[in-house]
Amino acid sequence: MASTTRPTLLPGDEIPSSLIPSHPTKPLRLGPGLRHLPPSQILPTVSGQLITLPQKSSMWIEYNSSRYIPTQSDLVIGTILRSGPDFYYVLLSPFTPPATLPHLAFEGATKKTRPQLNPGSLVYARVTLANKHMDPEVECVSATTGKADGLGPLTNGGMVFDVSLGFARRLLMAKSKEEGKIEVLELLGGEEGKLSFETAVGRNGKVWIGSEDIKTVVIVGRALKETDEKKLGVEAQRKLVRKLIKEMK
Amino acid sequence: MTATSEPEAALGVLPRADGSAKYSHAGYTVTAAVNGPIEAQRKDENPYEAHVDVIVRPAAGVGGTRERHLESILQSSLSHIILIKNFPRSLIQIVLQVEDSPENDYVNTKLVQGNLNFAIMPALFQTAVLALLSAGVPMRATATATAVAVVFHDGVKRTVVDPSPREIEIARSVHVLAFTSHDELLLAESEGDFIVKEWDEVYETAKKICCHSAPADDGMQMALDEEAAAGPDMRHFLRSTMESKVAADLYWK
Amino acid sequence: MATISSAVGEDQPPQPSLTFTRPVFAKLSPHPYLLHTLSPSDPSVPSSRTNGRKPQEARKIQINTSSLSQAHGSALVRTGDTTVICGVRGEILPVSSIPQFRADQHKNYNYDGEDKRIEQGKKELLEYDLLVPNIELATGCAPQFLPGVPPTTLAQTVSTRVYSLLHSAGIVDVEGLRVWYTPAKRDEDKMEEDDREEEELEPEVKGYWVLYIDLLFVSFDGNPFDAAWTAVMAALRDTKLPNARWDPDREMVVCEKGEGKRLDVRGLPVACSAAVFLEKEHAEDREGDRHWILLDPDRQEEGLCKEVITAVVDCSGGQGETKIRSLEKQGGTVLGRELIRGFVGVAEERWKEVAAEMPQ
Amino acid sequence: MPLDTSTYSLALLRVDGRRWNELRRLHAQIRTQAAADGSSYLEMGHTKVMCVVTGPSEPGPRRGGGIGGGAGGQSKDAEVVVNIVIAGFSSVDRKRRGRGDKRTQEMQSTVANALAASLHTHLFPHSQINVSLHVLSQDGSLLAALINAATLACVDAGIPMTDYVAACTAGSTSTYAANDESADPLLDLNHQEEQELPSLTVATLGDSDRVVVLVCESRVQISRLEGMLAVGVDGCKQVRELLDRVVREKGQRMILEGTVEKGTGLNDLD
Amino acid sequence: MPREAEPSLNEKQFVIQALQENLRLDGRELEQYRPLELTLGDQYGVADATLGKTRVLAKASAELTVPYTDRPLDGIFTIATELSPMTSPAFELNRPTETEVLLSRLLEKTVRRSNALDTESLCLIAGQKCWSVRVDVHVLSHDGNLIDAACFAVVSALRHFKKPDTSMEGGVLTVYTAAEREPVPLSWLHSPFCVTWSFYGEQGEIAVLDATWLEEQVRVGSCTISLNRHGEICQISKLGGTPVEAVALLQCSAVSLTKVKEFSTYLDEKLAEDAKRRNKGGLLAELSAENDR
């Protein structure tokens, strides 16, 4: 149940002022799930756990959901719907208006050399514009460096699996093993499985897994989905991996 | 058969919906799916706010005028607690499927019924709120609802919480009230024959059920026991339901 | 007043600024305009609505009855630019064509006393669908209702509300709708069980009058329910059903010529609606914001308000307290307990106005 | 026990005097409509249908529900849209079937998906092939007749296809209850037989044994299935031959006397 | 109306490649069903069937009405299948899609035309009064193979359903409320079930059972076979799609029979369980009813 330091809050709940970080210099930064009602009221808008980082003077609500709402500089996996005069239209989550991806927003792309993507191809991209009044925009190249740094079309086969947004976020954590408590990938890739595969994780709840071996992709995919859906802890993950590897043999 | 006295709820029962909930109380069982924010149809597009679309589907037969009416009541109340301004030009779709409703053993059910089915409103409302919470749709506040009937039994007046269809049939007046978690009256529907004084009493009873919140730390069980007489403690029920959901979601924290 | 200059085309001679006349302003940005008129800058001017009414002022109501010769009862009700016609027509429904008809219905309840009788009556009305209201808005009475389209949500909502109120308020006594027959010969009375409300001779219910209550909006300028309900009440009170009797030889119900007897209508509930107008149009509303309760809102005001309330009260009992027949509030949180209490008072005032207009 | 089978067991002849593996007279023509891109007229016994094909062409306005199968929706292949009109006078009891009639809609999507399996729809991206069928007279094996007619019309329209989709019905002399091994399979059922006996409609691609359509709407022992299917598939091959002949004869004429102008009279073929 | 998005090229490709290696994304065998689960409601005639993430709720109900003039001796039996936005936002009310039409046709043929329910027994007074039995199919969650799930739910609901008891005395029909007399079950003749095959590959040579939504989106053809446990075929429909060897179809039908037998045993068990559960509850209900009077 609710711990004193990290209370579980429902929309509209009072946030005990003691918990609101008051940093001498840094201004207070509100993360997802919170809204500020001038002058000084801060209210949760979703149900989840209140996380506060006094030293960073930031606070947000930790929660899990399944409908992706684009946010600036998120990494996402999208499906090309069609190509316009100078944009591709990219679907980030079902039944939402497509995001736009400029034809030239690829590494080293010029009018001539830009990649030709058919409807249905997958791209790994970054959200550059997210604004409730406009449709989102994405890019496959960092505007600053001009490098792709891993972004771009996911051409070489593979498979995408849908996971919950919270799980995708954990996968994307710098130390996804320590903080996110996700080990399956390491285990499968490491001693346990000795499988070789590559992954790309989209904040919009999509994980792409590529490998020479079809079976590998299936195993990895199942491992991820089960860990997410069955909410497996580290120990259970180890069991699962062992089981899957046995099946494979 | 036997109507459950305490409300029960399960969240995320429909794996393919953004949010979902199954809620059963007082013999009613309702399942809700929430999708959104998604692309709105031309006709529903609003440049300033999200369009909230509520669809009520009866267990048997096709929805008629009374479902439309229920929908419009729920729609206006839910749009008030959802932060619709956050998602202009989009659609938040709430589909409520009635699965079970208590039968009146003294009447053979008719499929097509025109009159407003009061007692089902709290169930529909509560399910919708739970489903919205499970979908993580940003909201101004949560809300709870209940139904109260004033029954004259051989000259003696009783206020009945969560009345059975039978009790509604013989009730002098029936009331449905919903309160936000800020103790504001969000929805009030009453019919029958009553006076202001009676309504006041009803208001008190309903408010107790919807807004009396037991301290968060004590278990829900005992809270229910002490409330058993006056009916369930809806707000506490809602909270503990969500707390266990969040705890489950963030098991890795 | 709003002033814009950018909107002026290049071709026209440049103007310093262009100001709107009141009606144009009202059309362009209704919310600020209504806000403006409700909270006039100089205190001497009384707060009023775009339509010139005071916040708590309802539109004058006019009621004419028996205007339709074909219907058994009819009424035309008009409040401001909302005009509705109601026609009541009775049709005979022989029990033989009610599949779920139970001759011994009332035996389920060994009731006695008026309450139980009324309750049983309500039950019969419901089970056999003896009251059938229908609302027609698709007459082009307002821009949003195009002729020939399926009934709008509004139409369906209003008809459900009328239907529910008709039943819950027990306006019509089922006794007035029953067609009785007392068999001459004793040997065939196994056909029917005896009926609790009658004496020892054992009459049978052979049929019912079904009342088709059709409402037609001729023009629509907001607050449909109040007008519709008033029309229903007036029309019912105006209704005369021909005398009907069972003809055992022809095995059917026959109606007699000429003026029938007046339908007896219980009480006089009157509906009174209002909408809540908030200070902020798009921004978050918060405590301390001002709001106005606009009685009997017109179409434009309904467009600007989300929270609405309707109270149906009946003071015809005379002695003692006002009876509330229905109370509906939704769409917001401004109207709390106190305001609603107060509003019932407003409804009582409205009742007096309407009752005065209601023909006897 | 159905009437006709009892007589059948004596003479091994069916109500209309056919043997068990006998097709009814199948008469067909192509190029019957001057206006259409492709057209055909086909009789199987007293079941008479005509078909008109227009396209591949710009997709028209989407109809509600979009009953049309094949490639379907947003993919790049051409969409096959079938529309069936059953004339009121086509059957004994004049029953009007509305647009919404689900049975007709089912037949429409069946024919559409059957054709889509053979037509090279990928050659005509973002376009639509409209097939409209008119039922003039019904005497059993309706779906089969519709499929055959549609195939012919598509051939006439010159739309590239893998092979003919030929269809016919097969039945069995046993009722579903009786599990008698003596029961014989029957080929190409007429209305009366369809009413009284279990039956199924088969459509195959070319002269292979590969089944495009298999529709059975009556109760029958699973043990009967193999026999009926075998007879049906065999019947389809016969039908294919007949269709093929129709096309070749027409083709020959075109070579002899230059192109036959469309809409030559109905009886100019023997 | 927002339309269902097609799966990406990668997904299409991969699913097929995997199937060619006899692999499915959820690790099932090609001819293996997802776990089938049935929950019977507290009310008679409510059945909730789940196949993995596919979930269908069927609700049977009966009311008195007048028979159709052309069939005065038969009661009325209808199966209503309306796919609501709950199934997927792509479905709109009062706008039947092809999916919906085919689904309702299949149920129609499997359950109604195969005379699983004896409609004559629903007639009370010839030409005047009869029962109208109606099953409403609600698809709560759609992850492929709606047909099999829906069919199972419908049959379960009807087997579980009880209608009010009636009596005829001297030409007077009395319909008893549940309080007066325990309701009675329908007269049920046989229980048909649907088994749906999906085909993949150039020649449609790969046959798969109980396809998920993703698998359905990339299949080249499908065939639904309806049988009862006695090995009677009630309906077969392969409505076009890539041609499949006749022999393969015969094999499919054989396998289907074994599946159907599994279904019907499972259903029988469930119904028995429920009956046992009610016996206890039944008494309690009786008592509480007494108190009400």
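The model shown is predicted, which means the values in this text are computed figures rather than measured ones. Below, chain A is the first sequence line, B the second, and so on; all start at residue 1. Atom set for the values below is all heavy atoms of this structure, side chains included, hydrogens, waters and symmetry mates excluded.
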Salt bridge flag under 4.0 Å for residues E:Glu6 and E:Lys12: yes

Looking at B:Tyr48, does the NZ or CZ of B:Arg89 lie under 6.0 angstrom from its six-membered ring centre and within 45 degrees of the ring axis? no

For E:Lys276, is there an ion pair with E:Asp274 - N to carboxylate O distance below 4.0 angstrom? no

Between E:Glu215 and E:Arg24 (salt bridge meaning N to carboxylate O under 4.0 Å), is one present in this structure? yes

Structural part of B:Lys43 lying under 4.5 Å from a heavy atom of chain E: neither

Which residue out of E:Pro85, E:Ala80, E:Gly45, E:Ser88 racks up the most heavy-atom pairs below 4.5 Å with chain B? E:Pro85

Interchain contact, B:Glu167 with chain E, by part (heavy-atom threshold 4.5 Å): neither

Lys/Arg-Asp/Glu bridge criterion (N-O < 4.0 Å) met for B:Glu99, E:Arg55: yes

Tell me, for B:Ser20 versus chain E, whether the close heavy atoms (under 4.5 Å) come from the side chain, the backbone, both or neither. neither

Under-4.0 Å salt bridge between E:Asp210 and E:Arg34: yes

Under a 4.5 Å heavy-atom cut-off, does chain B meet the side chain of E:Leu57, its backbone, both or neither? side chain

Where on B:Gln93 is there a heavy atom nearer than 4.5 Å to chain E: the side chain, the backbone, both, or neither? side chain

Residue B:Val62 versus chain E: region with a heavy atom under 4.5 Å: both

So what's closer than 4.5 Å to chain E heavy atoms on B:Ala40: side chain, backbone, both or neither? neither

Heavy-atom pairs under 4.5 Å with chain B, option from E:Lys59, E:His138, E:Lys53 with the top count: E:His138

Neighbour count >12 (heavy atoms, 6.0 Å) for atom CZ, E:Arg181: yes

Counting only non-hydrogen atoms closer than 4.5 Å, does B:Ala59 touch chain E with its backbone (N, CA, C, O), its side chain (CB onward), both, or neither? both

Determine whether a donor-acceptor pair (N or O, by modelled atom type, separation under 3.5 Å) exists between the side chain of B:Arg16 and the backbone of E:His142. yes

Chain E heavy atoms under 4.5 Å from B:Asn35: which part of the residue, side chain, backbone, both or neither? side chain

